[in-house]
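Notes for the one structure printed next.
Note that ligands are numbered from 1 as they come in the structure, with each ligand's atoms numbered from 1 the same way.
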Amino acid sequence: MPTYNLKVNGESHTVDVAEDTPILWVLRDHLNLVGTKFGCGIGQCGACTIHLDGDATRGCLLQVSQVGDQSITTIEGLSEDGSHPVQQAWKEIDVPQCGYCQAGQMMTASSFLSKNPSPTNEEIRQAMHGNICRCASYNRIEKAVATAADKLS
Ligand code: FES
Ligand code: FES
């Protein structure tokens with residue numbers, strides 16, 4: 001199997017996997033970064049969201065061979081100590097119910113806010129639209145993104 005050198009959360013890793021392996025499984029099964037979740041496996045739920053050079057990206061659809069030199073950030077790498085404004089806002093608003101979708105929600109929110117730190121409520125709704133929450137915590141998610149935006153401004 002081919003070897004791939006990956007930059008994940010600021011560290012270099014070498015993995016030996018088939019070229020069409022989704023990065024979601026490289027992260028979870030080879031690098032033990034299990035914060036990134038499997039939901040649908042077809043790009044529809046957002047549970048597997050990571051950052052690829054800062055852009056929110058579906059880990060279930062991204063093959064390891066497509067990553068190249070781009071940097072990957074997972075929920076484990078968002079901050080060392082939970083101090084990222086999105087993580088703080090999520091705690092403050094007490095967003096999670098079962099929690100399963102929340103890493104993906106925070107990765108989408110943090111990428112979005114890095115590009116638009118002062119969004120309107122409608123922009124927040126649009127940005128978070130593709131991340132499904134089976135517990136329907138959508139109101140708290142939107143409130144937390146707005147709270148994180150306040151912390152960033
Ligand atoms: S597991 Fe990737 S979008 Fe659902
Ligand atoms: S908190 Fe349960 S799926 Fe979102």
Per-atom contacts of ligand 1 with [X], taking only distances under 4.0 Å to non-hydrogen atoms:
X     : value
Cys45 : 1 (S), 3 (S), 4 (Fe)
Gln44 : 3 (S)
Gly43 : 3 (S)
Cys48 : 1 (S), 2 (Fe), 3 (S)

(message) Regarding Ser83 and Asp81, do their side chains bring together a donor and an acceptor under 3.5 Å, going by distance alone?
(response) yes

(request) Verify whether one side chain among Thr120 and Glu122 offers a donor that lies under 3.5 Å from an acceptor in the other. (result) no

(request) Look at atom 3 (S) of ligand 2 and say which protein heavy atom is nearest, naming residue and atom and giving the distance to 0.1 Å. (result) Arg134 N, 3.2 Å

(message) Is Cys98 close enough to atom 2 (Fe) of ligand 2 that one of its N, O or S atoms comes in under 2.8 Å?
(response) yes

(request) Run the numbers for me: atoms of ligand 2, each under 4.0 Å from some heavy atom of Cys135, listed by number. (result) 1 (S), 2 (Fe), 3 (S)

(request) Just jot down the ligand 2 atoms closer than 4.0 angstrom to any heavy atom of Gln102, in number order. (result) 1 (S), 4 (Fe)

(request) Mark yes or no for whether Arg28, through its side chain, and Val34, through its backbone, hold a donor-acceptor pair below 3.5 Å. (result) yes

(message) Whether the side chain of Ser79 engages the backbone of Gly82 through a donor-acceptor N/O pair (distance < 3.5 Å, no angle test) should be reported.
(response) yes

(request) To the nearest 10 degrees, could you say what angle atom 4 (Fe) of ligand 2 makes with SG of Cys101 and SG of Cys133? (result) 100°

(request) Using a 4.5 Å cut-off on heavy atoms from C-beta on, say whether the side chain of Leu78 contacts that of Gln87. (result) yes

(request) With the side chain counted from C-beta on, respond yes when Thr49 and Arg58 share a heavy-atom pair under 4.5 Å apart, and no when they do not. (result) yes

(request) For atom 4 (Fe) of ligand 1, decide whether Cys40 has an N, O or S atom at a distance under 2.8 Å. (result) yes

(message) Below 2.8 Å, can you find an N, O or S atom of Cys60 next to atom 4 (Fe) of ligand 1?
(response) no

(request) For the pair Glu92 and Lys151, find out whether any cationic side-chain nitrogen is under 4.0 Å from an anionic carboxylate oxygen. (result) yes

(message) Among Leu27, Val26, Thr14, which residue satisfies the side-chain contact (heavy atoms from CB on, under 4.5 Å) criterion with Leu6?
(response) Val26

